[in-house]
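Only one structure is covered here, and it is reproduced in the block below.
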Amino acid sequence: MAASRVLLLLSGRPVSPSFVQSVCRLLGAGPGFGPWPTHCGFKRGRLVLSDRPFPGASTTLPLQVRRKGSGVGGRSGVWSWRQRPGSIRLDLLPHRAALPNFCPASEALNQTATYPPHPHQRPPFCPFVALDQQQLRARGSELPTNRGVDLGVAVILQSSDQTVLLTRRTSTLSLSPNLWVPPGGHVELDEELLDGGLRELWEESGLQLPQDQFSWVPLGLWESAYPPRLSWGLPKYHHIILYLLVVSQESQQQLQARIQPNPNEVSAFMWLGPDVAAAVATMEDGTETSRHLSQELPPSILIVELKEDGGARPLALPVSTLLRTTPTTDEGKERVSSGTKFALRLWLQHLGR
């Protein structure tokens with residue numbers, strides 16, 4: 001079996017979760033939707049998670065079970081910006097607390113800060129939670145047996161005028177087509193987490209960020225199953241995704257002038273401001289109600305859609321499209337992924353919204 005990219009420390013004992021095991025459950029997540037604290041580090045190409053502090057890492061991030069794919073499935077590539085080896089040692093509390101300092105891009109991943117732990121959550125329809133162990137054993141022949149839990153990274157790229165970049169995955173992709181997500185994908189075995197995020201940003205959008213013109217901080221962790229519901233079929237993919245907030249010193253206009261989307265993965269892109277992002281983030285999948293939505297929301301938002309001839313055109317996308325939730329059946333409708341909503345909530349908390 002391929003080695004899992006995620007390692008858990010359970011009462012100090014290292015455990016590699018299998019494909020069918022819920023990482024949240026193994027970390028001691030109780031009934032309900034959470035929240036629970038998660039400490040993490042990154043060593044030798046593996047993400048290390050624990051429900052308590054451990055030597056070598058003091059990161060505390062929100063971990064949430066993901067309902068829908070976030071664009072994991074990146075391509076291999078070589079990124080020229082290399083950080084020296086080390087563990088993430090940032091402790092982050094995005095809610096109701098002073099925010100940690102951002103790391104300049106030139107600094108390595110072994111910075112230290114101390115803040116109270118922040119929790120993670122669980123959706124009601126996570127396949128690995130919905131299937132008990134007896135059911136998993138009975139249907140084991142239908143589930144992948146040759147791999148563990150994989151690791152991905154996604155970049156929330158913020159412009160200097162406080163908008164973030166989202167891309168729409170093409171309809172031809174086998175994993176999560178037509179979803180609005182931040183640029184992201186797999187972390188290669190030989191690269192650090194920030195390197196992987198910047199490489200995926202470049203491969204999907206064509207954007208390369210000068211090292212002295214951005215800062216970054218980890219936002220949170222998301223446990224992803226795809227398909228996201230058992231009503232869609234048994235899960236075929238299982239990831240832990242790290243969302244990184246990368247804050248550029250360039251404006252939206254400056255960044256957009258340099259964007260060259262990869263048409264094999266991206267069919268459209270947009271810049272989302274805080275007001276619309278707040279409305280999108282309130283539409284939590286798996287809940288019957290949402291928070292009060294502002295009556296001042298615009299009816300549509302401007303996106304740039306790629307054309308078959310290689311060109312691009314501006315298009316007004318109804319905001320209602322972005323407010324859709326994960327359906328009970330695989331309908332392939334355009335919407336924002338559940339993990340992206342989670343990341344947008346954390347981003348808004350950084351802005352003090």
Side-chain angles (χ1 to χ4, degrees), residues 1 3-68 70 72 87-95 114-133 135-136 143-144 147-154 187 193 218-226 228 235 237-244 284-286 338-339 342-343 345-346:
M1 183 182 75
S4 174
R5 299 293 305 280
V6 178
L7 180 68
L8 307 183
L9 293 180
L10 306 179
S11 300
R13 180 174 57 92
V15 174
S16 293
S18 69
F19 178 87
V20 299
Q21 291 179 299
S22 165
V23 170
C24 285
R25 174 178 285 174
L26 290 172
L27 287 172
F33 306 147
W36 307 277
T38 304
H39 302 265
C40 59
F42 187 71
K43 296 181 179 181
R44 299 178 181 177
R46 304 180 80 183
L47 185 68
V48 184
L49 303 177
S50 177
D51 59 353
R52 64 189 69 179
F54 57 91
S58 60
T59 307
T60 309
L61 293 175
L63 170 63
Q64 181 172 351
V65 183
R66 182 175 191 175
R67 292 88 149 180
K68 183 70 176 174
S70 74
V72 173
S87 300
I88 297 177
R89 298 203 59 190
L90 285 168
D91 198 24
L92 176 63
L93 175 63
H95 294 271
T114 55
Y115 296 88
H118 185 73
H120 64 270
Q121 292 182 321
R122 170 189 319 216
F125 51 80
C126 172
F128 302 111
V129 175
L131 280 172
D132 62 31
Q133 292 304 303
Q135 290 174 306
L136 286 172
L143 293 163
R147 65 180 189 269
V149 180
D150 215 333
L151 175 62
V153 64
V187 179
L193 293 171
L219 275 181
L221 298 159
W222 183 259
E223 184 170 15
S224 167
Y226 189 84
Y237 299 92
H238 190 181
H239 292 84
I240 292 291
I241 311 299
L242 173 65
Y243 284 95
L244 299 177
E284 298 186 51
D285 293 336
S338 300
F342 165 69
R345 289 195 289 271
L346 299 183

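In this chain, numbering begins with 1 at the start of the sequence shown.
Counting all heavy atoms, side chain and backbone alike, Leu7 lies closest to Ser16 at CD1-OG, 3.8 Å. Closest heavy-atom contact between Ile241 and Ser224: CG1-CB, 4.4 Å. Smallest separation of non-hydrogen atoms from Val149 and Ser18: CG2-O, 3.7 Å. Nearest heavy-atom pair, Leu8 versus Pro17, reported as atom, atom and distance to 0.1 Å: CG-CD, 4.1 Å. Contact detail for Phe19 and His238: the closest heavy-atom pair is O-ND1, 2.6 Å. In terms of heavy-atom proximity, Val187 sits nearest to Gly152 at CG2-C, 4.1 Å.
Separation of atoms CG (Leu193) and CG (Leu151) is listed at 6.0 Å; rounding is to 0.5 Å. The CG atom of Asp51 sits 7.0 Å away from atom OG of Ser11, with the distance rounded to the nearest 0.5 Å. Taking CG of Leu221 as the start and NE2 of His239 as the end, the distance is 14.0 Å to the nearest 0.5 Å. Summarising the geometry, atom CG belonging to Leu49 is positioned 9.0 Å from atom SG belonging to Cys24; distances are rounded to the nearest 0.5 Å. Expressed to the nearest 0.5 Å, how far CG of Leu9 lies from CG of Leu27 amounts to 9.5 Å.
The aromatic rings of Tyr226 and Tyr237 are tilted relative to each other, their planes meeting at an angle between 30° and 60°.
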Quick one: do Leu346 and Tyr243 satisfy side chain to side chain contact (heavy atoms under 4.5 Å, CB included)? Show the steps, please. CA-CA 10 Å; Leu346 299 183; Tyr243 284 95; 6.0 Å; no

